[in-house]
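Only heavy atoms go into these numbers, but all of them, side chains included; no hydrogens, no water, no symmetry mates. Every chain is numbered from 1, with letters handed out A, B, ... down the list of sequences. Treat the numbers as computed from the prediction; the structure is a model and nothing was measured.
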2 protein chains.
Amino acid sequence: MPRTVGQIDQAKSQAILDAAAEVLGTGGLSAPMDEIARRAGVSKQTIYNHYGSKAELIRAIVDRRVEEIAAPLLAPGAQDHPQEALAGFGRVMLELVLRPLGRSMLKMTVQAADDMPDLARAFYEAGPKTSRRRLAEFLRAETLAGRLAVDDPDQAADFFAGMVIGVRQIAGLLGVEQAAEPEVIEQVAQEAARRFLRAYGVD
Amino acid sequence: MPRTVGQIDQAKSQAILDAAAEVLGTGGLSAPMDEIARRAGVSKQTIYNHYGSKAELIRAIVDRRVEEIAAPLLAPGAQDHPQEALAGFGRVMLELVLRPLGRSMLKMTVQAADDMPDLARAFYEAGPKTSRRRLAEFLRAETLAGRLAVDDPDQAADFFAGMVIGVRQIAGLLGVEQAAEPEVIEQVAQEAARRFLRAYGVD
DNA sequence: AACCGCCTGGACTGGTGAGTCCAGTTTTCC
DNA sequence: GGAAAACTGGACTCACCAGTCCAGGCGGTT
């Protein structure tokens, strides 16, 4: 049995968050608390002990995942050949968007945007905005190094991100799935990087 | 769809649709029927006389607008210089996405996707899918004419559409607005077209 | 004029779900 | 071992909302 800190059971906190993310992500934000409780193997009261309300539970889900979502975007090494670095960015973005986790996270946030605009904004800042910023920084650095000729790094970052995830994002939101085989991801990321380099190359 | 063609008031039908699109688009799909009735200057019973249920009302909204949404994409003349034709596509797409109508339509459909997957699919086919197809056809034609060198027109169309509307789409869904001045639209469309031509030019 | 059907407004039903309460049980801490 | 705190499960309250019902008003048709 797990160690507990206060008297509150941390393992249950995680189980609740996992169950809630799963249930709310697939069934929509209107999914009932009872189902979350059932899925988490926990009584409804316990959920309210840990998080005070449904809104705060949702907040907790997003807060927990938001940094872990943008984190992989630090990884791609900026010192390789630009083609590989760019493709790396693209691959990570695509995986983020196609993975059930990222998908349901976005869906939840969109659905919550009406009632909790602050949450939507926080998600936007931590997710899309941050990733664009990192990409823009990379483009700026590469331009300074003379390997690219990007005049407006922010716009160029938007362009590249849009190329890679554009369609799939909205297809995912609408529940119009197409499978996400790794080789497709790789092909799209590589091709987007290649075309982008042609569009913004120094030549 | 039961068209009880008695003395039913067509003007009221429109007023209801307009009010419903407004209310459901801004307040979310959970906005109450009473508010729609109030906004339309009509009794709730009348709404149920015209459309049988909330679900069918939503369906009617989407059905009415869906073709009128993709329609402008026919316009851009394919015979001009590719740069202008492409920029035209981009401009139309951007306006579609930024206009409150298109925005609320997308938001509604995303929110409804859980409960009415067929509606989401229909919207996807008529909207994003159709526009990509037309763009892809254009690219194919231009390639045949020797003015472009596009090997995979479908993917290229996705890329271009993503460049133009990518970020704004999700920003809009999250309610993180930035104003849409016409000159910004124009600049983005032109720049995207320019870069795309560099990426896919014949040279 | 008399009829018919759409309209209004407001009251009403039924279902669902958030959040609470409670009595009894388990777990942790000292 | 015993107290305190957390957990369970199930019943319960309360609010909200889709959809129905009804009594009366209004406009067109014959």
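- Between the side chain of A:T46 and the backbone N or O of A:V42, no donor-acceptor pair lies under 3.5 Å.
- Side-chain atoms of B:T143 come within 3.5 Å of backbone N or O of B:V150 as a donor-acceptor pair.
- Put simply, CD1 on B:I47 is 13 Å from C1' on C:dC7, counting in whole angstrom units.
- Using bins of under 30°, 30° to 60° and over 60° for the plane-to-plane angle, the ring pair B:F196/B:F160 lands in the perpendicular bin.
- B:R64 meets the side-chain hydrogen bond (donor to acceptor under 3.5 Å, both in side chains) test with B:Q14, B:D18; sequence neighbours excluded.
- The line from CZ of A:R132 to CD of A:Q155 is 13.0 Å long, rounded to the nearest 0.5 Å.
- If you check residues 108-118 of chain A against DNA chain D, you find no residue with a heavy atom closer than 4.0 Å.
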For nucleotides 18-22 of chain C, which of its nitrogen or oxygen atoms have a protein nitrogen or oxygen under 3.5 Å away, and what is each distance?
residue: C:dA18; atom: OP1; partner: A:A31; partner atom: O; Å: 3.4
residue: C:dA18; atom: OP1; partner: A:K54; partner atom: NZ; Å: 2.4
residue: C:dA18; atom: OP2; partner: A:M33; partner atom: N; Å: 2.9
residue: C:dG19; atom: OP2; partner: A:Y48; partner atom: OH; Å: 3.2
residue: C:dG19; atom: OP2; partner: A:K54; partner atom: N; Å: 2.8
residue: C:dG19; atom: N7; partner: A:K44; partner atom: NZ; Å: 3.1
residue: C:dG19; atom: O6; partner: A:K44; partner atom: NZ; Å: 2.7
residue: C:dC21; atom: N4; partner: A:Q45; partner atom: OE1; Å: 2.9

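- The nearest whole Å value for the distance from the NZ atom in A:K12 to the P atom in C:dT27 is 9 Å.
- OP1 or OP2 of D:dT8 has at least one side-chain nitrogen or oxygen of A:T46 nearer than 4.0 Å.
- Under the 4.0 Å criterion applied to side-chain N and carboxylate O atoms, B:K44 and B:D34 are assigned as salt-bridge partners.
- If you take CZ of A:R38 and P of D:dC7, they are 20 Å apart, rounded to a whole angstrom.
- Considering only side-chain N and O atoms, A:H50 lies under 4.0 angstrom from the phosphate OP1 or OP2 of D:dC7.
- A donor-acceptor distance shorter than 3.5 angstrom exists from the side chain of A:K54 to the backbone of A:L29, with no hydrogens or angles considered.
- Panel note: side chain A:T130, backbone A:E125; a donor-acceptor pair is recorded below 3.5 Å.
- Rounded to an integer number of Å, the gap from CG of A:N49 to C1' of D:dA4 is 14 Å.
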